[in-house]
Structures are given as C-alpha cells and as structure tokens.
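Computation of the quantities below employed the complete heavy-atom set of this structure, encompassing side-chain atoms and omitting hydrogens, waters and symmetry-equivalent molecules. First listed ligand is number 1; within each ligand, the first listed atom is number 1.
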Amino acid sequence: MPELIFQNFSAGYSADTTAVSGVSMKIAGGSVTAVIGPNGSGKSTLLKGIMSFPGVYSSGSVTLDSLDIHSMNRNERAVRIAYLPQSPPVPAGLTAIETVLLGRFPHRSAWSGDSSGDVKIALDALEMVGATHLADKFTDEISGGENRLVNLAAVLSQRTEVILLDEPGSSLDYGHAAQLWELLSKLAEQGIIILATTHRIEMSGNAFDKVLLLSEGRSLAFGEPENVFLSGDLLSSVYKTPMKVRRSSPEGSWIVFPGGAE
Ligand code: ADP
Ligand code: MG
C-alpha cells in the first residue's frame with residue numbers, strides 16, 4: 001500500500017508568507033481523507049503546494065513511499081499523483097472523451113497517439129462517473145456540473161496511486177455527488193490514497209476514513225471523523241457559527257446542523 005507522509009508541510013504565495021502551515025500527517029492507501037475548513041483556510045493551497053503549482057512556495061516535506069514528491073519531475077509525479085483543481089479551465093474545441101484522454105498523457109511516449117487501451121480506459125472512466133452520454137459533446141457546450149464529471153473522469157483515467165481532489169463534489173447534483181463519494185470509497189478499497197477537500201460532509205455518506213481540519217491557514221485537527229466532527233465546539237469556533245454534526249447510525253451518513261438547530 002502506498003503511504004503519503006507530510007512533515008511540517010507549509011505552502012504559500014511568497015517566499016516569506018504561508019497560506020497553510022504545520023501540516024503533519026500520515027495517510028495510507030486504502031483510505032479517503034477529507035480536508036475541511038472555512039473559505040480561505042488553505043485547503044486549495046495545500047493541494048497546490050503538494051503539486052508544486054507555479055507561483056506556490058512550500059517548505060517541510062511530503063513523501064510518497066519515502067520519495068520526496070518535490071524531487072520528482074513533472075512526468076514522474078503525473079504517473080503517481082493525479083490532481084483535480086477547484087476550477088480547471090474549460091478548453092475550447094475539445095470533446096469530453098478528448099478531455100478525458102488528456103489524463104493518459106503521462107503514460108504515453110512522445111508523439112504516440114491514443115492507443116485502443118487508452119480509449120478503453122477513458123471510456124471506463126467516463127462510465128465510472130456516470131457521464132458516458134457526454135463522450136462526444138464539446139466541453140464548452142455542456143454544464144458546469146457535467147464538466148466536473150468529465151474532469152473527474154480525466155483524473156481517474158490517469159490511473160495513479162494518489163488522487164488529490166479540490167472540491168470534487170462542487171456543482172454536482174445530489175445523485176452525482178452521492179455516486180462520486182461511493183466511487184471514491186471503492187477506489188480507496190483498491191489501495192489508492194484519496195485526499196479531497198469539501199464543504200459538504202453530509203454528501204459524503206460515510207466515505208471518509210480521516211479528516212484534516214484547517215483554520216486560518218493552520219492544521220487544527222487530524223484524525224478519525226468521529227473525533228473531528230463530533231467535537232461540536234471545535235467546529236463551532238472554526239466556522240464561527242454554532243455547528244452540530246451527527247451520524248445517522250454508528251456506521252451511517254453524516255448529518256450537519258449549521259446554525260446549531262437540530
Ligand atoms: P480555501 O481553498 O481553503 O478556500 P485557499 O487555499 O484558496 O483557501 O486560500 C488560502 C489563503 O491564500 C487565502 O487567504 C487566500 O486569499 C490566499 N490565496 C489564495 N490564492 C492566492 C493567490 N493566487 N495569491 C495570493 N494569495 C492567495
Ligand atoms: Mg479552495
């Protein structure tokens with residue numbers, strides 16, 4: 001099983017400031033980790049820092065199976081780690097299947113076209129997210145939620161052992177969001193490491209194995225969801241509104257009561 005280890009990891013937008021700092025955690029394959037926290041708490045910056053995003057400075061370390069991620073070149077990283085940005089650009093003139101096939105790039109040699117194997121992987125990925133019907137549509141002629149599914153499929157077709165997702169469920173309807181978290185749980189069961197930011201813990205069912213709570217750019221808590229969510233006082237102080245989180249049953253879905261009403 002792959003293992004991703006963060007040691008005092010920090011990231012920010014200049015050499016002497018951080019937008020997220022002090023992240024130390026160990027996450028193993030076979031698990032889904034949620035990154036939660038208010039707007040501006042550093043969730044996206046954390047993922048950008050892991051990916052050495054242009055213009056993002058980082059310190060501390062993130063290792064994948066003892067190998068420093070920042071010592072990998074772009075292609076070495078892309079065959080092991082896939083990343084879905086919060087708002088990826090929508091390229092004009094590409095169909096959904098062509099967009100999904102971009103996820104196969106790191107696995108191809110220079111100048112080779114899409115093999116039948118690549119096309120099969122891309123079609124499988126579209127099917128996994130329930131978007132087969134979009135295959136031949138142009139991505140600038142489909143909805144925001146439909147584009148989200150296509151981008152998710154592109155990430156899945158990269159077939160990596162680590163998947164980083166920045167608000168993957170945003171702009172998805174209830175059905176597709178539920179399907180998404182079920183799919184992420186299933187992928188995790190195959191040994192993949194999933195790290196996903198989200199605001200909608202109630203849409204995740206019981207998909208999370210671990211939760212990282214960020215507040216004002218600091219890592220405030222990391223651990224079992226029970227320990228992070230069920231401490232209502234902690235969430236209330238972080239979100240600056242009375243918060244309660246319950247579970248529908250001991251293994252059941254999370255239910256969120258923002259504003260404190262129950
Ligand atoms: P979140 O994803 O949790 O909403 P972000 O990681 O996007 O938060 O932002 C964390 C902090 O970094 C915020 O204060 C935000 O204003 C700042 N920030 C985000 N993007 C940039 C950027 N490109 N340049 C400078 N500061 C940024
Ligand atoms: Mg964000």
Only one of S87, P168, P88 passes side chain to side chain contact (heavy atoms under 4.5 Å, CB included) with N151; say which it is.
P88

Just to verify, what does A78 make a side chain to side chain contact (heavy atoms under 4.5 Å, CB included) with, not counting sequence neighbours?
P106, Q158

Side chain of D140, backbone of V90: donor and acceptor closer than 3.5 Å?
no

Pocket residues of ligand 1, ordered first by chain and then by residue number (heavy-atom cut-off under 4.0 Å):
Y13, A19, P38, N39, G40, S41, G42, K43, S44, T45

Once the angle between the rings of F9 and H70 is folded into 0 to 90°, is it parallel (under 30°), tilted (30 to 60°) or perpendicular (over 60°)?
parallel

Testing the 3.5 Å rule here: is there a donor-acceptor pair between the side chains of T63 and D68?
no

With ring centroids as reference points, do F208 and W254 lie under 6.0 angstrom apart?
no

Check: N8 main-chain N/O paired with S24 side-chain donor or acceptor under 3.5 Å
yes

Listed by chain and number, what are the side chain to side chain contact (heavy atoms under 4.5 Å, CB included) partners of K26, not counting sequence neighbours?
E3, I5

Suppose the cut-off is 2.8 Å; which protein N/O/S atoms would you list for the Mg ion (ligand 2)?
S44 OG, Q86 OE1

Do side-chain atoms of S248 reach the backbone of S253 as a donor and acceptor pair under 3.5 angstrom?
yes

